[in-house]
Amino acid sequence: MKKLLLGIAVLAALANPVSAQDASSATQVPQLLSLYYSVKDALVAGNAAAAAEKAAGFADAVKAVDAKTIGQEEADALIKSANGIHATSNLGRQRDNFANLSVQMISLVKRSAPGTTPVYQAYCPMKKSSWLTPSKQIKNPYFGSAMLTCGEVVDTLH
């Protein structure tokens with residue numbers, strides 16, 4: 001009887017494994033998303049200094065993430081885009097790099113565990129770029145106060 005129960009437990013574990021990578025992703029992706037939002041919010045506010053500072057923090061966090069969670073190539077691309085924001089005080093260039101960062105984050109969130117709260121993908125038709133946001137309310141990071149509400153939510157990622 002004990003062998004039968006042990007066999008059933010092993011089969012159940014094999015049918016629905018929870019890997020260390022899944023557990024790691026469950027905590028690391030929401031942390032990166034939170035830091036990404038802080039970069040977005042600085043760009044919405046038109047604050048280049050804050051965007052640069054927040055982007056540096058984001059890059060540091062990506063460096064600390066287990067490479068198995070997101071993959072080295074994707075981590076390198078995230079760091080490159082964040083460093084592009086950090087390396088300039090030109091808001092326009094920061095926003096261009098943020099567009100690249102957003103493409104990479106959207107890909108990461110779509111294939112990972114973004115946490116328990118919904119993540120919204122918004123799209124700006126003027127910039128022809130998307131971004132992630134924790135709210136359905138549009139606050140455009142690509143044009144800030146000039147076109148604060150330009151855009152629409154195009155997807156909900158869970």
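Rounding to the nearest 0.5 Å gives a distance of 4.5 Å between CG of Asn100 and OG of Ser81. Atoms CD and OG1, on Gln121 and Thr156 in that order, are 9.5 Å from each other to the nearest 0.5 Å. Atom-to-atom distance recorded for Gln28:CD and Leu108:CG is 10.0 Å, nearest 0.5 angstrom. Annotation: the span from Met147 atom CE to Cys124 atom SG amounts to 6.0 Å, rounded to 0.5 Å. Taking CG from Leu157 and CG from Leu33, the interatomic distance works out to 9.0 Å, rounded to the nearest 0.5 Å. Summarising the geometry, atom CZ belonging to Phe58 is positioned 13.5 Å from atom NZ belonging to Lys40; distances are rounded to the nearest 0.5 Å.
Side-chain contact of Asn90 with Gln94: a donor-acceptor pair under 3.5 Å is absent, judged by distance alone.
Between Lys54 and Leu35, the closest side-chain pair of non-hydrogen atoms is not below 4.5 Å. Residues Ile106 and Ser130 meet the side-chain proximity criterion, which asks for heavy atoms closer than 4.5 Å. Looking only at side-chain heavy atoms (C-beta outward), Leu78 and Val65 stay at 4.5 Å or farther from each other. Side-chain contact between Pro141 and Arg95 is absent, with no heavy-atom pair separated by less than 4.5 Å.
Residues Cys150 and Ile138 approach most closely at O-CG2, 3.5 Å, considering heavy atoms. For Ala59 against Ile79, the heavy-atom pair with the smallest separation is O-CG1, 4.0 Å. Across every non-hydrogen atom of Ser112 and Val29, the tightest pair is CB-CG2, 3.7 Å. Residues Ala61 and Leu32 approach most closely at CB-CD2, 3.8 Å, considering heavy atoms.
Not counting sequence neighbours, Lys139 has no partner by the salt bridge (Lys or Arg N to Asp or Glu O under 4.0 Å) test.
One hydrophobic cluster holds both Leu43 and Tyr120 under the rule that ILVMFWY side chains link at heavy-atom gaps under 4.5 Å. Under a hydrophobic clustering in which Ile, Leu, Val, Met, Phe, Trp and Tyr are joined whenever their side-chain heavy atoms come within less than 4.5 Å, directly or via other members, Phe143 and Leu132 fall into the same cluster. Under the 4.5 Å side-chain heavy-atom criterion for grouping Ile, Leu, Val, Met, Phe, Trp and Tyr, Leu148 is not connected to Val39 through any hydrophobic cluster. Note on Tyr37: it clusters hydrophobically with Val109, by side-chain heavy-atom contacts below 4.5 Å among ILVMFWY residues.
Remark: the backbone N or O of Thr149 is not paired with any side-chain donor or acceptor of Asn140 at under 3.5 angstrom. In this structure, Asn97 contributes its side chain and Arg93 its backbone to a donor-acceptor pair below 3.5 Å.
Pairs of residues two or more places apart, or lying in two chains, that qualify as ring-ring contact (aromatic ring centres under 6.0 Å, His included) and include a residue from residues 61-100 are Tyr36-Phe98, Phe98-Tyr142.
Electrostatic pairing of Asp96 and Lys127 counts as a salt bridge here, judged by a charged N lying under 4.0 Å from a carboxylate O.
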